[in-house]
> 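One structure, pasted below without further comment.
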Amino acid sequence: MAFKLQPASDTLLGSTLGDESLGDRWVLNFGPQHPATHTTLQLVLELDGEVVVGCTPHIGYLHSGFEKQGEHLNYNQYVVITDRMNYLSPMANNLAWHYAVEKLFGVVPPRRCQYIRVLMAELARIADHLVSIGTAALDLGAMTGFVYGFEERETIYDLMEIASGSRYNTSYSRLGGLMYDLPDAFWPRLDELFDRLPPIVDDIEKLLNRNRIFIERTRGVGVIGREEAINWSLTGPIARASGVRRDLRKDEPYFVYDELEFKVPLADGGDCFARYLVRLEEIRQSMGIVRQCREGMPPGPVNAEPEVKVTLPGKDEVYGSIEGLIHHFEIVMTNRGFVAPIGEAYGANETANGELGYYVVADGSPRPYRSRCRPPSFINYSVFPELIVGHQISDVPAVLGSLNIIAAELDR
Amino acid sequence: MSEPAADIPVAPGPLDAHPGVKVLRERFGDAGLDPRDTIVRGRAIGMPTVTLARDVLEEAMGLLKSDPRAAFDQLTELTCVDYLKFPQVQPGRFGVTYGLLSTTLNHRLWAKVFVNESDLSVPSVTSLWKGANWLEREVFDLFGVVFEGHPDLRRILTPAGFKDFPLRKDFPLTGKGWRESFRPVTRDEA
C-alpha cells in the first residue's frame, strides 16, 4: 500500500521549516509506532535527501510515574514495579533495587543468596544480550540470528519461571534474601542450557561476524570515542565498545563477583559493530560465571538471620513458635513493618545495558521517601541525536538497535 | 546553609580523606560544605555527600572535574529530592543531587545544591558533562527546577503543555482529577 510521507510542517521542528532557503530538506516522523523502534519512541528526523541533518527525539510515551509510586510502596512491594522497567532482563532490576535497599539498611544477605543472585543476574544478562543482538540484526534484515537468540531466551525464561513462578515479572528478590530458594528442578534445566547455549552463540557469531551486509551496515556507523562516551555518562557495553575500561562487577564489586573469574570484553571501535562484538563476548563470559556459580553454590539459608528483622521467618517457625508468629506479624502488618534508617543510599549494579542504579532516600518510615532509578537506557538514548547526524536514514535502525533502548526503562 | 541536620551523624575520618572533599576544602574552606554520609548501625555506607552553595556550584564542579586528584570525568547521576515533608529540616526544599564518578581513579562523590521555591534556578553543568542534558531536563520536568544556561530546557517525560511537577511532594499520587473529569466524547464529535 502506498503511503505519503509526512511533509515538513511548522509544528514539528519549529519555525525554520517554512524557510525556502533550506532547499531539499524535509522532515520525517519516525515512530512512535514503527517496527524498528520496538516500543514507543518518536524521532523527528530532519533530512537532506537521505542524510540526517537533525534529530529530535521525543520520549515519554510510556511514562507511568514509577518513581512516584515508589514513594507509596514499601521496600519489598516496589520490587514489582522494577520488573516493568527493563523488560528484557527484569530479574536484574529486582536485584539492583534490593542491592541499593540493603545498602541503606546495612543488611548483608547470606552467601547462598548472593550466589543465586549472581547466577540470576548473569542469566538475565545473557537473555538481554541475546535479544538485543538478535533485534539489532533483525532491523538490518538478518532474521535468523534473531530467531536463534529468541529460542534460547525462552529457555532462560523457563529457568526464571522455575525459580520465581513467573517467566517474566519475576519479583524474585526480597530485602535481605529471596522469595524462595531455588527448587531442585532448576539444576537439570540449567545444565540443559549449558549444552544448548554455546553452539547457538557460535551460530550467531558465524551468521553475523563475517556477514558482509551486517558489517557494511554497522562498521563505522554511530561512532563514539572514549572521551565522548565518558562525557556523555555512557556505561556498560556501549562505553566498553568505545574503550572505557569500566565494569562495576570489577571496579566496585558487589555480591560475590570478586570471588568469580571472568573477563570484561573491551573494544575500541566505538561503532555499532563494536557494540555487537562486546555483547556477544559478554554472553560467553556470563556463561562462565553461571557455571562457576553452579559448581560453587554454597549450602545454607537464602534469607538473612531473623535478628535483622527484615525477612519473613520460615513457615515452620511461624506455625511452630510464638516468637516466629510475632515476628511474622511484625513484618506483615501495615502499621508495623521494618523501619529504615534516616539517610540516603545509592546502589548500582552492572546490568546488560549499563549501570542501573537506585538512589533511595529514607525518612525512617516503612516506605522510601524518594526512590530514584538511574536508568541506563535514558542516558544511552540521550546521545542518539549526536550519533545519527550525518548518517543516512537507513542507519537509524542500526544505531537504535545497537544502543538497545528499552522504552519502559527510558520513560519509567 | 551551614548547620548539618541534627540526627545525621557525621563521620569525619574517611570523609576528610576523600580527595574530592580535600579539593573543595582547599578552594572554599569549610564554609557550608558539610560533608556527610549515611550511617547505618554505626557504619558509614560509603556515600560521601557534600553540600554546595548555588553561587559556587559551577566553579566547584569545574574544579572537581579538572583537578587531577579528583578527576571526576563522568556525571553518572543527576536527580532531585523534594524535602517538603522530610522529618529533618534541610537547608532548602529541593536538593538537586549530583553523582560524580572518576573512571580513572574509581571513586565517587555526591554533591547537593539546595534551592527554594522563591528562586528555583540552578546553574547548568551541561558545559562540563554533556550527559547532564537530559538529566537536567528530567529534573526540570518533574520538579520544576530551572537550570540556567541549559541549551534546550524543555519537558521530557510529561506531555508538552503539562503544567504541574509530578514528583513534588504536594502533587497527589492519583493526579489532580483529570482522569475523572474527562469529557465523554461521542461518535459524532470524534
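What you are looking at is a predicted structure, and each value in this text was computed from that prediction instead of being measured. Proteins come first, then strands; the chains are lettered A, B, ... in the order of their sequence lines, and each starts at number 1.
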> Under 4.0 Å between a Lys/Arg side-chain N and an Asp/Glu carboxylate O for A:Arg412 and B:Glu138?
yes

> What's the separation between atom CG in A:Leu104 and atom CD1 in B:Ile45, rounded to the nearest 0.5 Å?
6.0 Å

> Name the option with the most non-hydrogen atom pairs under 4.5 Å to chain A; the candidates are B:Leu101, B:Asn133, B:Thr158.
B:Leu101

> Where is the tightest heavy-atom contact between A:Glu355 and B:Thr76, given as atom of each residue plus distance?
OE1-CG2, 3.7 Å

> Side chain, backbone, both or neither: which part of B:Arg155 has a non-hydrogen atom closer than 4.5 Å to chain A?
neither

> Tell me, out of A:Gly60, A:Ser382, A:Gly106, who's got the most heavy-atom pairs with chain B below 4.5 Å.
A:Ser382

> For chain A, find which of B:Thr79, B:Leu128, B:Asp152 contributes the most heavy-atom pairs closer than 4.5 angstrom.
B:Thr79

> Pick one of side chain, backbone, both or neither for A:Tyr61, based on which atoms fall under 4.5 Å of a heavy atom in chain B.
neither

> Heavy-atom distance under 4.5 Å between the side chains of A:Glu71 and B:Leu173, does that happen here?
no

> Testing the basics here: between A:Tyr359 and B:Glu77, what is the closest heavy-atom pair and its distance to 0.1 Å?
CB-OE2, 4.2 Å

> Given side chains that start at C-beta, do those of A:His63 and B:Asp141 come closer than 4.5 Å, heavy atoms only?
no

> Less than 4.5 Å to any heavy atom of chain B: does that hold for the side chain of A:Arg372, its backbone, both, or neither?
side chain

> Highest number of heavy-atom pairs under 4.5 Å with chain A: which of B:Gly99, B:Gly131, B:Ala132, B:Cys80?
B:Gly131

> Are more than 12 heavy atoms, taken from residues, nucleotides or ligands other than B:Asn106, located less than 6.0 Å from that residue's CG atom?
yes

> Out of B:Lys65, B:Arg154, B:Lys85, which one racks up the most heavy-atom pairs below 4.5 Å with chain A?
B:Lys85

> Report which part of B:Arg137 has an atom under 4.5 Å of a heavy atom belonging to chain A: side chain, backbone, both, or neither.
neither

> State, to 0.1 Å, how close A:Leu410 and B:Leu157 come at their nearest heavy-atom pair, and which atoms those are.
O-CD2, 4.1 Å

> Between A:Glu344 and chain B, which part of the residue has a heavy atom less than 4.5 Å away: side chain, backbone, both or neither?
both

> For the residue pair B:Trp134 and A:Tyr381, categorise the inter-ring angle as parallel (less than 30°), tilted (30 to 60°) or perpendicular (more than 60°).
perpendicular

> So for A:Leu234, is it side chain, backbone, both, or neither that comes closer than 4.5 Å to the heavy atoms of chain B?
backbone

> Can you check whether A:Tyr369's main-chain N or O pairs, donor with acceptor, with B:Lys169's side chain at less than 3.5 Å?
yes

> Between A:Arg370 and B:Tyr83 (side chain of the first, backbone of the second, donor and acceptor by atom type, cut-off under 3.5 Å), is there such a pair?
no

> To the nearest 0.5 Å, tell me how far A:Arg245 CZ sits from B:Thr104 OG1.
13.0 Å

> Is A:Glu227 close to chain B through its backbone or its side chain, or both, or neither, when contacts mean heavy atoms under 4.5 Å?
neither

> Quick one: does B:Lys130's side chain have a donor or acceptor within less than 3.5 Å of a partner on A:Ser233's backbone?
no

> Between A:Ala345, A:Ala348, A:Ala362, which shows the greatest number of heavy-atom pairs under 4.5 Å with chain B?
A:Ala345

> Please look at B:Leu78 and chain A and tell me whether the side chain, the backbone, both or neither of the residue comes under 4.5 angstrom of a heavy atom of that chain.
backbone

> A:Lys103 vs B:Met47, test: side chain to side chain contact (heavy atoms under 4.5 Å, CB included). Steps then yes/no.
CA-CA 10 Å; A:Lys103 208 169 161 186; B:Met47 192 172 162; over 6 Å; no

> If you count heavy-atom pairs under 4.5 Å between each of B:Thr49, B:Leu142, B:Thr97 and chain A, which one has the most?
B:Thr97

> Identify which one of A:Ile230, A:Asp251, A:Thr235 satisfies the side chain to side chain contact (heavy atoms under 4.5 Å, CB included) criterion when paired with B:Thr103.
A:Ile230

> Is it the backbone or the side chain of A:Ala229 that comes under 4.5 Å from a heavy atom of chain B, or both, or neither?
backbone

> Can you tell which of A:Gln69, A:Glu252, A:Glu228 has the highest number of heavy-atom pairs within less than 4.5 Å of chain B?
A:Glu252

